Amino acid sequence: MKNTICLLLAMILVSGCRTPQAAANPKSNARAKAILKYVQSLEGRTNKCVMSGQFSNFGQGADLRLVNEIHDQTGHWPAILGVDYAGRGGITHDAPNQAAIEYWKQGGLVTISAHLYNPARTNVDGGGLRDKGVDLDTLLDTRSETHVRWMHELDQLAGGLQQLKEAGVVVLWRPFHEMNGDWFWWDGKDPATFIKLWRQMFDYFTKTKGLDNLLWVYAPNHGDKTAAYYPGDRYVDLAGLDAYTDFIDTNHIKGYAEMAQIKKPFGFTEFGPYGPSNPPGDYDYLRFIQGVQKDFPRTVFFMSWNAKWSLARNTNTTELLNHPWIVNREDLPKGLAGSP
């Protein structure tokens, strides 16, 4: 009996919970609910079960050039396009939204992150991404000037996301990524305070701003405390790990065991071969999917970072995108994105 119980626990850890959960926002629109349902359906399949993704660029640099290069090289479009609202001098969404809308119209999914500027700074033009010692409580203190600047930043973000709502685009929204690290101003803080900040953004965007086109993505960096900052099932739709390494196994990518217990679809929300700086651009991308198959069976999506980490700058990307597990843009159900 003891061995049977241990085996059952191991199976749960590997496979997670495949019982689909409702969208975190009860008022999510029909397209968002359909996309969430589709993503949930990928887990447990033995074919076409991992959506490919490629990050484009930050702010004004966001466009479709990189995914076009990938198509030219491989004959495939990634299922997911990634952009970021961080621009020169603060939040910008013109170029990211233009790329997102175009890719959506072509039938692709969209994920957006934001390398947020530090609202504790008095400089209204942004900056301070890597500031240390920021007290997150001041962002939530309605009597503080930091709170005023924080709400202004949230309004800037919501303005961009509202444009996408009006264009019919569903966004895999990935805020506060790598919150368990020590390199961004929101990183490594008291988990309880961080969770309050996440929930405040969630409530403001969903209830006050009425953004019903968002699916919320929780994305710590691989390593320690990957689940410690989890805001709760009612505030998250998808979960994943950011990982920069060429070794796709649990000895080099830490924290999967904790993440696999979260009852949300799992993915690699950022992936970059070799490490976080100066990759040579000669990574064999078949190693990635082979490692996923072996050690990360709950994976249903990934997004490669840009520059020399990208699918366009490394080797065996055609073989990766031809792999029977991979879902490319052309494999997505008709009408899931773009025109119904």
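The figures here come from the full heavy-atom set of this structure, side chains too, leaving out hydrogens, waters and symmetry mates. Here the structure is a predicted model, which is why all the values come from computation and not from measurement.
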Problem - Donor-acceptor pair between Ser144 and Asp141 side chains, under 3.5 angstrom - result: no
Problem - His93: ring pair (Phe, Tyr, Trp, His ring centres under 6.0 Å) partners, not counting sequence neighbours - result: Tyr85
Handout entry: Donor-acceptor pair, side chain of Thr245 and main chain of His252, under 3.5 angstrom
Key = no
Practice task
With sequence neighbours excluded, tell me which residues meet side-chain contact (heavy atoms from CB on, under 4.5 Å) with Arg45.
Solution key: Tyr38, Ser41, Leu42, Cys49
Practice task
Say whether, by atom type as modelled, one donor and one acceptor occur between the side chain of Gln40 and the main chain of Gln21 under 3.5 angstrom.
Solution key: yes
Exercise for the section: Examine the side chains of Gln200 and Trp150 and answer whether a donor and an acceptor come within less than 3.5 Å of each other. Expected result: yes
Problem - N/O donor-acceptor pair under 3.5 Å between Asp155 side chain and His152 backbone - result: no
Problem - Path from Trp183 to Leu241 over hydrophobic side-chain contacts below 4.5 Å - result: yes
Practice task
Using the side-chain hydrogen bond (donor to acceptor under 3.5 Å, both in side chains) rule, collect all pairs that involve residues 48-59, keeping only residues at least two apart or in two chains.
Solution key: Lys48-Asp331, Ser52-Asn328
Problem - Nearest non-hydrogen partners of His222 and Ala243, listed with the distance - result: CD2-CA, 3.6 Å
Fill in the blank from the handout: For Gly181 and Asp187 the tightest heavy-atom approach is O-CB, 3.2 Å
Exercise for the section: Could you walk me through whether Phe176 and Tyr229 pass ring-ring contact (aromatic ring centres under 6.0 Å, His included), step by step? Expected result: CA-CA 10 Å; Phe176 304 118; Tyr229 295 86; over 10 Å; no
Problem - Rounded distance [0.5 Å steps], CG in Leu81 versus CD1 in Ile101 - result: 12.0 Å
Problem - Value rounded to 0.5 Å, distance of CG in Asp249 from CD in Gln290 - result: 12.5 Å
Handout entry: Donor-acceptor under 3.5 Å (Asp295 side chain, Gly291 main chain)
Key = no
Exercise for the section: Look at atom NZ of Lys308 and say whether more than 12 heavy atoms of other residues, nucleotides or ligands are closer to it than 6.0 Å. Expected result: no
Handout entry: Under 3.5 Å donor-acceptor, Arg31 side chain and Leu336 backbone
Key = yes
Practice task
Sequence neighbours left out, what passes ring pair (Phe, Tyr, Trp, His ring centres under 6.0 Å) with Phe55? Give chain and number order.
Solution key: Phe58, Trp305
Exercise for the section: Measure the spacing between CG of Leu139 and NE2 of His147 and express it to the nearest 0.5 Å. Expected result: 9.0 Å
Problem - Contacts of Glu69 that satisfy salt bridge (charged side-chain N to carboxylate O under 4.0 Å, His left out) - sequence neighbours left out - result: Arg313
Practice task
Would you tell me whether Tyr103 and Asp63 have side-chain atoms, one donor and one acceptor, within less than 3.5 Å of each other?
Solution key: no
Exercise for the section: Step through the shown structure and confirm whether more than 12 heavy atoms of other residues, nucleotides or ligands are within 6.0 Å of CD on Gln73. Expected result: yes
Problem - Donor-acceptor contact below 3.5 Å, side chain Arg287 vs main chain Asp246 - result: yes
Completion exercise
Here the pair of heavy atoms bringing Ile326 nearest to Ile289 is CD1-CD1, 3.9 Å
Problem - Residues forming a salt bridge (charged side-chain N to carboxylate O under 4.0 Å, His left out) with Lys165, sequence neighbours excluded - result: Asp212
Fill in the blank from the handout: Arg329 meets the salt bridge (charged side-chain N to carboxylate O under 4.0 Å, His left out) criterion, sequence neighbours left out, with none
Fill in the blank from the handout: Exactly one candidate in Val50, Val300, Thr299 meets side-chain contact (heavy atoms from CB on, under 4.5 Å) with Trp325; the answer is Val50
Practice task
Any chance you could measure Asp224, atom CG, to Asn221, atom CG, to the nearest 0.5 Å?
Solution key: 10.5 Å
Problem - side-chain contact (heavy atoms from CB on, under 4.5 Å), paired with Ile80, selected from Thr111, Val110, Val67 - result: Thr111
Practice task
Spell out, as yes or no, whether a donor-acceptor pair under 3.5 Å connects the side chain of Arg298 to the backbone of Lys264.
Solution key: yes
Problem - Derivation and outcome, ring-ring contact (aromatic ring centres under 6.0 Å, His included), residues Phe202 and Tyr204 - result: CA-CA 6 Å; Phe202 181 95; Tyr204 189 63; over 10 Å; no
Exercise for the section: Answer yes or no: are there more than 12 heavy-atom neighbours, outside Lys105 itself, under 6.0 Å from its atom NZ? Expected result: no
Handout entry: Any donor-acceptor N or O pair under 3.5 Å, side chains Gln162, Lys209
Key = no
Exercise for the section: Is it possible for you to say whether Val217 and Trp186 belong to one hydrophobic cluster, with membership spreading through side-chain heavy-atom contacts below 4.5 Å? Expected result: yes
Exercise for the section: For His71, enumerate each residue passing the ring pair (Phe, Tyr, Trp, His ring centres under 6.0 Å) test, keeping only those at least two apart in sequence or located in another chain. Expected result: Trp77
Problem - Verdict with supporting geometry, Tyr235 and Trp216, ring-ring contact (aromatic ring centres under 6.0 Å, His included) - result: CA-CA 7 Å; Tyr235 300 89; Trp216 291 72; 8.7 Å; no
Problem - Non-hydrogen side-chain atoms of Leu172 and Thr269 separated by less than 4.5 Å - result: no
Handout entry: From Phe302, Trp309, Phe296, residue fulfilling ring pair (Phe, Tyr, Trp, His ring centres under 6.0 Å) relative to Phe268
Key = Phe296
Problem - Cluster companions of Phe247 among Ile, Leu, Val, Met, Phe, Trp, Tyr (side-chain spacing under 4.5 Å) - result: none
Practice task
Could you tell me whether the side chains of Tyr244 and Glu270 share a donor-acceptor contact shorter than 3.5 Å?
Solution key: yes
Exercise for the section: Would you please name every residue forming a salt bridge (charged side-chain N to carboxylate O under 4.0 Å, His left out) with Asp242, sequence neighbours left out? Expected result: Arg174
Problem - Flag for Tyr117-Gln156: side-chain donor and acceptor within less than 3.5 Å - result: yes
Handout entry: Shortest non-hydrogen contact between Pro191 and Ala228, atoms and distance
Key = CB-O, 3.5 Å
Handout entry: All ring pair (Phe, Tyr, Trp, His ring centres under 6.0 Å) counterparts of Phe301, not counting sequence neighbours
Key = none
Exercise for the section: Check whether the ring centres of His177 and Tyr218 lie less than 6.0 Å apart, and answer yes or no. Expected result: no
Exercise for the section: Report the C-alpha distance between Asp284 and Thr315 in whole Å, list the side-chain angles of each, state the deciding distance to 0.1 Å, and finish with yes or no for side-chain hydrogen bond (donor to acceptor under 3.5 Å, both in side chains). Expected result: CA-CA 5 Å; Asp284 178 357; Thr315 65; 4.6 Å; no
Practice task
Mark yes when over 12 heavy atoms from residues, nucleotides or ligands other than Gln98 sit less than 6.0 Å from its CD; otherwise mark no.
Solution key: no
Exercise for the section: State plainly whether the residues Lys189 and Asp135 are in salt-bridge range, i.e. N to O under 4.0 Å. Expected result: no
Handout entry: Under-4.0 Å salt bridge between Arg121 and Asp131
Key = yes
Exercise for the section: Among Leu215, Leu332, Asp237, Asn213, find the residue that satisfies the side-chain contact (heavy atoms from CB on, under 4.5 Å) test when tested with Ile35. Expected result: Leu215
Fill in the blank from the handout: Heavy-atom nearest pair, Ala239 first then Met259, reads CB-CE, 3.8 Å
Could you pull out all donor-acceptor pairs under 3.5 Å where a side-chain atom in residues 271-278 meets a protein atom, sequence neighbours excluded?
| unit_1 | atom_1 | unit_2 | atom_2 | d |
| --- | --- | --- | --- | --- |
| Tyr274 | OH | Asp282 | OD1 | 2.5 |

